[in-house]
Amino acid sequence: MTTKTKEANSESILSDIAINAELADYSPVKGCMVIRPHGYAIWESIQKTLDKMIKDTGHENAYFPLLVPESFLQKEAEHVEGFAPECAVVTQAGGKELTEKYVVRPTSETIINHMFSKWVSSYRDLPLKLNQWANVMRWEMRTRLFLRTSEFLWQEGHTCHATHEEAKEEVIQMINVYKDLLENYLAVPVHIGEKTDSEKFAGALDTFTIEALMRDGKALQAGTSHDLGQNFAKAFDTTFTSSENKLEHVWQTSWGVSTRLIGAIIMGHHDEVGLILPPKVSPYQVVIIPILKKNMDNSAVLDKGYEIKSDLEKLGISVKIDARDQISQGIKFNEYEQKGIPVRLVVGARDLENNQVEIHRRDIRSKEKGISLDGLGELVKNLLDEIQTNLLERAKNFRQENTKNVKNIEELAEVLNSSGGFARAKWNGDVELEKILKEKFSASIRCLPLETELADDYPCILSGTISSENKEILIAKAY
RNA sequence: CGGGACAUGGCUCAGCUUGGUAGAGCGCUUCGCUUGGGACGAAGAGGUCGCAGGUUCAAAUCCUGCUGUCCCGACCA
């Protein structure tokens with residue numbers, strides 16, 4: 001419990017932090033993890049925020065079953081090709097071989113479309129905008145806590161629209177919702193971009209992504225939003241009668257983010273001590289440590305602690321007080337620092353006399369004694385805002401420092417073989433580049449960013465040609 | 001799925017080369033003494049050495065297989 005986090009240069013920062021901060025633990029099942037209360041509370045915090053955003057944009061929650069008939073998956077050719085290898089399949093139940101095998105959902109496109117085809121018949125039924133919070137399973141070769149586990153929690157939105165235009169708007173709207181969530185709540189800056197054909201979702205016409213940069217220089221796909229076109233509608237015969245009385249297939253989207261976001265927080269915000277949580281997603285924003293003395297009357301100190309807690313809570317700040325005796329405050333300090341709690345208040349007998357507390361902020365590990373209790377609430381509230389802002393700014397600066405424009409493969413090699421980070425380039429679309437990236441650098445085109453920065457006359461990284469047809473791309477090694 | 005490393009009390013690890021039936025530190029329990037950044041002393045509890053085989057009079061130690069974890073690749077949210 002009190003083991004210290006390994007040095008920042010350790011190659012296993014992710015698991016060290018996840019274990020030491022008590023976010024998760026390994027399960028007896030390969031590739032799966034147990035999400036512990038501190039980790040699950042972060043997920044609940046993300047859920048609460050995102051769920052509201054999803055509802056505010058006109059979606060409703062529903063729930064579809066865990067098991068999907070295997071035949072459903074096979075209805076969409078590209079989809080089955082993309083997912084079949086990583087599906088867990090139920091072949092037996094009730095002591096008998098099943099006549100039809102069930103796939104443990106790797107995503108719910110197929111079963112949801114099966115239902116959509118029953119529910120949609122008129123343009124008056126559209127748009128149909130659903131979301132579900134669920135677990136999914138993908139049998140991965142190599143798993144890592146939060147970033148890639150065989151089972152993970154996520155939300156998947158699924159919508160049907162009368163026109164492709166409207167579906168495209170939905171796709172863009174939701175990827176922007178994700179950007180908002182990542183930047184303004186998780187304090188993780190992201191690039192919105194389009195995936196290349198080889199990287200897009202199996203069965204989609206187009207995939208939009210939010211790409212974040214982790215502190216180790218690797219990129220992380222943190223969320224995706226797909227334009228499914230009419231691929232699933234055709235496979236499942238999801239049709240509607242238009243206002244012109246014509247039978248048409250619906251246009252669909254799907255979009256999701258997962259518990260990987262907790263991995264993004266871990267790998268986006270940490271130091272040599274451990275996790276650093278943005279105040280807005282921290283299970284509690286302030287921890288109060290009363291300095292307790294054994295064999296003495298601590299009631300005045302404890303009362304003050306609870307009083308401060310109550311005062312802060314009135315201002316909408318979430319507070320935990322750790323009143324355990326028998327455990328020294330030093331151990332508690334360390335525990336909450338490892339867990340990433342943004343602000344710590346320490347109150348002891350001496351503070352009581354002077355009407356003050358000691359305050360510690362996790363992001364920059366600064367400590368200040370003698371903070372007056374008068375106006376403490378406002379001070380803490382502002383401090384939390386400042387920490388939230390600082391984390392985002394710090395991550396933005398880090399990303400900027402670790403993004404280099406590259407004109408050719410040699411310049412690219414320098415970036416990818418040194419500190420990592422994003423390489424920004426122009427590309428003529430030749431898939432040869434993706435082959436080179438994969439084989440020589442274990443890297444990939446993360447996206448074609450919507451917000452471009454390079455001048456029109458910047459040359460293609462592969463051919464050196466200058467053309468208005470060339471697209472801007474972000475290249476990186478990725479998780 | 002390939003390459004490497006590892007698996008010994010709750011945690012971190014020693015012991016394995018050279019086989020003789022298990023240790024340390026931390027944590028835990030009790031008592032005392034302490035107490036504003038991981039205290040100290042004393043006495044205790046706790047392990048069929050990842051699992052399954054094999055070799056041997058005897059296996060934590062040698063051999064084989066399996067499982068899991070970590071790192072590096074291929075695959076992917």
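Within every chain, numbering begins at 1; the chains are lettered A, B, ... in the order of the sequence lines, protein sequences first and strands thereafter.
Look at NZ on Lys200(A): it is 13 Å from P on rA77(B), rounded to the nearest Å. Between Glu156(A) atom CD and rA77(B) atom P there is a gap of 14 Å when expressed in whole angstrom units. The nearest whole Å value for the distance from the CD atom in Glu434(A) to the P atom in rC76(B) is 12 Å.
Mapping Thr149(A) and Val346(A) onto RNA chain B via the closest heavy atom, the residue that lands nearer the 5' end is Val346(A).
A close approach under 4.0 Å does occur between a side-chain nitrogen or oxygen of Arg142(A) and OP1 or OP2 of rC72(B).
Using a 4.0 Å heavy-atom criterion, one finds that Gly256(A) contacts no nucleic acid atom at all. Base engagement by His360(A) is indicated by at least one non-hydrogen atom pair under 4.0 Å involving a base atom. Among the protein residues, Gly31(A) comes within range of the sugar-phosphate backbone only, with heavy atoms under 4.0 Å from sugar or phosphate atoms but none that close to a base. Counting non-hydrogen atoms under 4.0 angstrom, Phe201(A) reaches nothing in the nucleic acid. In this structure, Ser328(A) reaches the sugar-phosphate backbone alone: every heavy-atom distance under 4.0 Å involves primed, P, OP1 or OP2 atoms, never a base. Contacts of Glu151(A) with the nucleic acid, taken as non-hydrogen atoms under 4.0 Å apart, are absent. At a threshold of 4.0 angstrom between heavy atoms, the contacts of Thr259(A) with the nucleic acid are absent. The residue Leu147(A) sits close to a base: some heavy atom pair falls under 4.0 Å.
Across all strands shown, rA7(B) forms a Watson-Crick or G-U wobble pair, both distances under 3.5 Å, with rU67(B).
In this structure Asn135(A) satisfies the side-chain contact (heavy atoms from CB on, under 4.5 Å) test together with Tyr63(A), Leu66(A), Arg105(A), Glu151(A), Leu153(A), sequence neighbours excluded. The ring-ring contact (aromatic ring centres under 6.0 Å, His included) test applied to His161(A) returns no partner, not counting sequence neighbours. For Leu205(A), the side-chain contact (heavy atoms from CB on, under 4.5 Å) partners two or more places apart in sequence, or in a different chain, are His164(A), Asp227(A), Asn231(A). In this structure, the side-chain hydrogen bond (donor to acceptor under 3.5 Å, both in side chains) partners of Trp154(A), at least two apart in sequence or on a different chain, are Glu156(A).
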Between the protein and nucleotides 33-35 of chain B, are there any N/O to N/O pairs under 3.5 Å, and if so, what are the atom names and distances?
unit_1	atom_1	unit_2	atom_2	d
rU35(B)	N3	Lys294(A)	N	3.2
rU35(B)	O4	Lys294(A)	N	2.7
rU35(B)	O4	Lys294(A)	O	2.9

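With C1' as the reference atom, rG15(B) and rA52(B) are 24 Å apart, rounded to whole Å.
Side-chain atoms of Asn334(A) stay outside donor-acceptor range of the base of rG37(B), with no qualifying N/O pair under 3.5 Å. For rG37(B), the base has a donor-acceptor partner in the side chain of Lys367(A) [N/O atoms by modelled type, under 3.5 angstrom]. Contact of Glu439(A) with rG73(B) (side chain to base): no donor-acceptor pair of N or O atoms is detected under 3.5 Å.
The pair Glu307(A)-Lys304(A) meets the salt-bridge criterion, since a charged nitrogen lies less than 4.0 angstrom from a carboxylate oxygen.
A salt bridge (charged side-chain N to carboxylate O under 4.0 Å, His left out) check over residues 341-355 of chain A, counting only residues at least two apart or in different chains, returns the pairs Glu337(A)-Arg344(A).
In this model, a donor atom of one side chain and an acceptor atom of the other lie less than 3.5 Å apart for Thr207(A) and His226(A).
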